[in-house]
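Written below as structure tokens is the structure these notes are about.
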Amino acid sequence: MGRVSGKIALVTGGGSGLGAADCELLAQEGATVVVTDVRIETAEAVAQRIGSGAIAIALDVASEQSWIAVIAEIDRRFGRLDILVNNAGVVLVADVEQTTLEQFRWVNAIMSEGVFLGCQHAIPLMNKGGGGSIINMSSTGALLGYPIYLAYSAAKGAVRSMTKSVAVMCQVKGYKIRCNSVHPGAIETPMVQEAEGRIGIEEQVAEGVLPPDAKGHPRDVANMVLYLASDESRFVTGAEFVVDNGLTIRPF
Ligand code: NAD
């Protein structure tokens with residue numbers, strides 16, 4: 001019996017990095033996973049790797065029409081949704097003096113509005129099935145002052161506080177829906193490779209406890225997502241889970 005057996009999960013940005021690792025681990029633990037991505041070919045590749053426990057659907061998280069279509073498709077196929085991982089994201093390396101309004105809006109349309117739309121459109125289907133767990137991918141960018149990630153940090157800060165608002169609303173209204181945020185530090189994915197100007201050049205992530213300057217493996221975040229997706233975390237809502245190997249608490 002897997003830790004999320006029988007549950008239906010939707011992961012956004014599931015075609016790469018952290019989202020792909022979430023899809024693989026949730027499926028391994030018994031969930032049926034709807035792998036979504038704006039780049040459908042990447043979602044299809046992940047779903048194919050997983051096999052019968054996954055399907056791929058195109059979803060642009062910044063488009064409300066796209067959300068309506070995907071939620072309707074999940075309703076039609078499964079009649080329920082138990083897990084939503086709002087993971088899709090983009091990175092923009094620019095400080096407050098360099099960021100244009102257009103860039104700011106682009107980043108926030110995907111990572112702030114996308115999370116808002118995900119929560120809003122998933123809640124009715126989760127309620128239909130008796131409840132669920134929403135996991136919003138924030139970042140240590142929501143907790144620290146990174147000069148070069150202005151728009152990114154603004155979006156992740158919005159995700160952090162939106163999560164708490166959704167969590168309390170669900171409790172107040174008697175919905176059996178929990179909502180938590182995850183705050184990874186640097187994890188070795190294509191996004192970090194892009195931000196560091198080494199596209200496609202992967203670093204090896206060692207096993208065991210890692211030194212302070214090391215990057216984590218996508219599986220390190222997926223393990224947290226799995227816990228929050230499972231009923232093991234039933235007494236946990238509105239909380240923020242930092243997965244950063246101590247980055248945010250080091251005084252030096
Ligand atoms: P990634 O670039 O490997 O994957 C991001 C995925 O999101 C891609 O598959 C991309 O196609 C998809 N995407 C982009 N725009 C989209 C849209 N409009 N609609 C749907 N999908 C879209 O990046 P990653 O590192 O795996 O990041 C995943 C999430 O984790 C992001 O929200 C990111 O901000 C967050 N995060 C990552 C790190 C890290 O170190 N990698 C740290 C903190 C937070």
Side-chain angles (χ1 to χ4, degrees), residues 9-23 26 33-40 42-43 46 56-74 81 83-94 99-126 132-142 149-167 169-170 177-184 187 189-192 194-195 218 221 225 228-229 240:
L10 161 57
V11 179
T12 71
S16 175
L18 303 188
D22 295 344
C23 292
L26 289 167
V33 181
V34 181
V35 187
T36 68
D37 205 289
V38 72
R39 296 178 300 149
I40 183 61
T42 64
V46 171
I57 309 182
L59 170 63
D60 175 356
V61 295
S63 156
E64 185 161 32
Q65 283 317 308
S66 195
W67 273 108
I68 290 168
V70 169
I71 293 294
E73 177 67 12
I74 294 172
L81 178 65
I83 300 161
L84 168 64
V85 187
N86 278 315
N87 163 82
V90 290
V91 70
L92 174 74
V93 183
T99 304
T100 66
L101 180 58
E102 193 185 0
Q103 287 174 324
F104 187 88
R105 285 180 175 157
W106 170 66
V107 169
N108 278 273
I110 294 168
M111 295 200 296
S112 175
E113 292 179 19
V115 171
F116 154 64
L117 290 171
C119 294
Q120 186 171 73
H121 288 282
I123 284 171
L125 188 53
M126 284 187 162
S133 174
I134 300 174
I135 298 138
N136 291 332
M137 201 52 63
S138 183
S139 167
T140 51
Y149 297 126
L150 180 273
Y152 182 90
S153 302
K156 294 306 193 185
V159 170
R160 180 190 185 206
S161 39
M162 206 179 333
T163 298
K164 298 180 198 308
S165 175
V166 171
M169 185 211 75
C170 289
I177 298 174
R178 298 178 295 104
C179 184
N180 292 285
S181 58
V182 177
H183 302 254
I187 310 292
T189 69
M191 177 182 283
V192 163
E194 181 190 333
V221 178
V225 168
L228 292 171
E240 42 196 74

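The list of salt bridge (Lys or Arg N to Asp or Glu O under 4.0 Å) pairs with a residue in residues 154-165, not counting sequence neighbours, reads R160-E240, K164-E240.
Remark: side-chain polar atoms of N87 are paired, donor with acceptor, to backbone N or O of G13 under 3.5 angstrom. Counting only distance, with no hydrogens or angles, the side chain of T189 and the backbone of L18 share no donor-acceptor pair below 3.5 Å. Listed for the T42 side chain is a donor-acceptor partner under 3.5 Å among the backbone atoms of R39. For the pair S165 (side chain) and S161 (backbone), a donor-acceptor distance under 3.5 Å is absent. A distance-only check finds no donor-acceptor pair linking the side chain of E113 to the backbone of I110 [under 3.5 Å]. Proximity of a side-chain donor or acceptor of S112 to a complementary backbone N or O of A155 within less than 3.5 Å is not detected. In this structure, the side chain of T36 does not engage the main chain of I57 through any donor-acceptor pair within 3.5 Å.
Side-chain contact between V221 and M137: present, with at least one pair of heavy atoms (C-beta onward) separated by less than 4.5 Å. Put simply, the side chain of N86 reaches to within 4.5 Å of the side chain of I134, judged on heavy atoms. Using a 4.5 Å cut-off on side-chain heavy atoms (C-beta onward), C170 and I123 make contact. Counting heavy atoms from C-beta outward, L150 and F104 have side chains that approach closer than 4.5 Å. Side-chain contact between V11 and V34: absent, with no pair of heavy atoms (C-beta onward) separated by less than 4.5 Å. Under the 4.5 Å side-chain criterion, counting only non-hydrogen atoms from C-beta, V182 is not in contact with N180.
Partner S66 forms a side-chain contact (heavy atoms from CB on, under 4.5 Å) with one of I71, V38, L59 and no other, that one being L59. Applying side-chain contact (heavy atoms from CB on, under 4.5 Å) to L10 and the options L81, I83, V35 leaves one that passes, L81.
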- Would you check, one step at a time, whether the test side-chain contact (heavy atoms from CB on, under 4.5 Å) holds for T12 with D37? CA-CA 6 Å; T12 71; D37 205 289; over 6 Å; no
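The distance from the CD atom of E102 to the CZ atom of R105 is 9.0 Å, given to the nearest 0.5 Å. A distance of 9.0 Å separates OG of S133 from CG of L84, quoted to the nearest 0.5 Å.
For Y149, the ring-ring contact (aromatic ring centres under 6.0 Å, His included) test picks out Y146, Y152, with sequence neighbours left out.
Taking every heavy atom of both residues into account, A109 and A62 meet most closely at O-CB, 3.6 Å. Here the closest heavy-atom approach between residue S138 and residue A142 is recorded as OG-CB, 3.4 Å. In terms of heavy atoms, A88 sits closest to M111 at O-CG, 3.9 Å. Nearest heavy atoms, S16 versus P190: OG-CG, 3.4 Å. Smallest separation of non-hydrogen atoms from M126 and I177: CB-CD1, 3.7 Å.
Using modelled atom types, one finds a donor on one side chain and an acceptor on the other under 3.5 Å when comparing N136 with T163.
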